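Bear in mind the structure is a predicted one, so any value in this text is a computation, not a measurement.
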Amino acid sequence: MSDRILVTRSSMPALEEYVEEIAPLWESHWLTNMGVEHKKLEMALKERLGVGNLALFTNGHNALECILEAMALPMGGEVITTPFTFASTTHAIARKGLTPVFADVTPGNLTLDPESVERMVTPRTCAIVPVHVYGNLCDVDAIQQIADRHGLKVIYDAAHAFGVERRMPDGSWRSAASFGDASMFSFHATKVFNTIEGGCVCFKDETLYPLLNQWKNFGITGPEDVEYVGGNAKMNEFCAAMGVCNLRHLDEEIKKRCAVAKRYWEWLEGVPGVTVFRPGEDVRCNYAYLPVLFDPEVFGATRDDVFAALDAVGVGARKYFYPLVSDYACYRSVYSSDRTPVAKKAASQVLTLPVYADLALVDVDRICDAVLSTGKID
């Protein structure tokens, strides 16, 4: 491969489409502070996600911090979450004066294990922050049952799950945005749907909308009044316009990603020592990531061996998520990854392979050939 293949590549609309969308800004000079494009995107996202309440933010991390604060959780309260995630999930909890508590994950899709969550509940527990890892939906029913039994808030880190839907018993489809008390989505450039940088939170309690908008605007509640020590997390008009454009093409983007993912699965599914993650029939997937686990004792090569082999032929893979959050320097003096053995094993074996809408299937074939040539399978 002459040109290096990165693990992802941002989706963008045609230049002409974006220019047309932002052209009115040169007349209005309204570039931020919840202008026309911001409002346009907010409405479009509500319709797309099937939710009544949604607030936009400058990024997903700020969205998660703001909803945690808006929930008025007790200072120092324990929040059960997963160590198999991006640092942002745990950082948001810690930065809001809450105490992260790590439960283990399920081997089936690497999301929070409800049984492990149940074991972690104490009188100090105030919330659960599960993560739809790689866009794989958590066991939302079991998690909600635990929350209801113990009077806990459920705030989903759905950064990977934009566009993911679940089929309900009555045959209808329900968006990942509708589960729990709130769900945060990231619109970072690497995501299936991006606004360059951005994010949002969907929530059930409609009274939180003005509060979230105040928190992300320095706590300002009126022309001459500031009631909260808020921050600055408003999405600007150029990012919102990119979202408006990209949303028009989302279905086609997901369709292309689906073709890429299926090609990978044709090559890798069933190979001894290799684990891939197909969505269930009751889930509409967004094909955000292509995670693969490599068991060195069976496959004959480690994850790091595969990573190096791909790098040698110009393919950028990612050890995502490695190390566990509990093994980061800022947390490892308090936590032990040995307490979450399933997550620890997955972190040592996982590699996410390149996947994006315009990745050529012939390149997928070459990537898989390089992967399989690394192993020592008869």
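- Hydrophobic clustering of Ile, Leu, Val, Met, Phe, Trp and Tyr side chains at less than 4.5 Å, counting indirect connections, keeps Phe86 apart from Leu137.
- Counting non-hydrogen atoms of neighbouring residues, nucleotides and ligands closer than 6.0 angstrom, the CD atom of Glu252 exceeds 12 such neighbours.
- Pairs of residues two or more places apart, or lying in two chains, that qualify as salt bridge (charged side-chain N to carboxylate O under 4.0 Å, His left out) and include a residue from residues 148-157 are Glu118-Arg149.
- A donor-acceptor pair is defined here as one N or O able to donate and one able to accept, closer than 3.5 Å; such a pair exists between the side chain of Asn136 and the backbone of Asn109.
- By the neighbour-count criterion of 12 heavy atoms within 6.0 Å, atom CD of Glu227 is densely surrounded, having more than that number from other residues, nucleotides or ligands.
- With hydrophobic clusters built from ILVMFWY side chains whose heavy atoms lie under 4.5 angstrom apart, Phe307 shares a cluster with Val274.
- In this pair, Tyr134 and Tyr320 present their aromatic rings tilted. The plane angle is within the 30 to 60° band.
- With Asn213 contributing its side chain and Pro210 its backbone, the two residues share no donor-acceptor pair below 3.5 Å.
- With hydrophobic clusters built from ILVMFWY side chains whose heavy atoms lie under 4.5 angstrom apart, Val201 does not share a cluster with Tyr156.
- Using cut-offs of 30° and 60° on the angle between ring planes, the pair Tyr209 and Phe203 is parallel.
- Val306 and Val350 fall into different hydrophobic clusters, defined by Ile, Leu, Val, Met, Phe, Trp and Tyr side-chain heavy atoms under 4.5 Å apart, directly or through other members.
- Closest approach of Cys330 to His91, counting heavy atoms only: SG-CE1, 4.0 Å.
- Considering all non-hydrogen atoms of both residues, Val51 and Cys202 come closest at CG2-SG, 4.0 Å.
- Summarising the local packing, CZ of Arg48 is surrounded by more than 12 heavy atoms from other residues, nucleotides or ligands at distances under 6.0 Å.
- By the 4.5 Å heavy-atom criterion applied to side chains, Lys319 and Asp304 are counted as neighbours.
- Side-chain contact between Leu41 and Leu56: present, with at least one pair of heavy atoms (C-beta onward) separated by less than 4.5 Å.
- Under the 6.0 Å distance and 45° angle rule, Arg303 counts as a cation-pi partner of Tyr322.
- Between the side chain of Glu237 and the backbone N or O of Thr32 there is no donor-acceptor pair closer than 3.5 Å.
- Taking the ring centre of Phe162 as origin, the terminal cationic atom of Lys191 falls outside the region bounded by 6.0 Å and 45° from the ring axis.
- Inter-residue side-chain proximity for Leu290 and Trp265 is flagged as met; some heavy-atom pair is nearer than 4.5 Å.
- Within 6.0 Å of atom NZ in Lys204, more than 12 heavy atoms from other residues, nucleotides or ligands are found, so the atom counts as buried in its surroundings.
- Of the possible polar contacts, one joining the Asp104 side chain to the Ala343 backbone as a donor-acceptor pair under 3.5 Å is found.
- A cation-pi geometry, defined here as NZ or CZ lying under 6.0 Å from the six-membered ring centre and within 45° of its normal, does not hold between Arg166 and Trp173.
- A salt bridge does not link Glu165 with Arg174: every distance from a Lys NZ or Arg NE/NH1/NH2 to an Asp or Glu carboxylate oxygen is 4.0 Å or more.
- Open room surrounds CE on Met12; 12 or fewer heavy atoms of other groups in view lie less than 6.0 Å from it.
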Test side-chain contact (heavy atoms from CB on, under 4.5 Å) applied to Val315 and Arg4, step by step: CA-CA 6 Å; Val315 175; Arg4 185 169 180 82; over 6 Å; no

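- Put simply, the side chain of Tyr18 gets close to the backbone of Phe238: a donor and an acceptor are under 3.5 Å apart.
- Atom CZ of Arg248 has more than 12 neighbouring heavy atoms from other residues, nucleotides or ligands inside a 6.0 Å radius.
- Between Lys234 and Asn33, the shortest heavy-atom contact is CE-OD1, 2.6 Å.
- Under a cut-off of 6.0 angstrom, the local environment of CE in Met75 is sparse, with at most 12 non-hydrogen atoms contributed by other residues, nucleotides or ligands.
- Residues Tyr287 and Leu353 are members of one and the same hydrophobic cluster, defined by side-chain heavy-atom contacts under 4.5 angstrom among Ile, Leu, Val, Met, Phe, Trp and Tyr.
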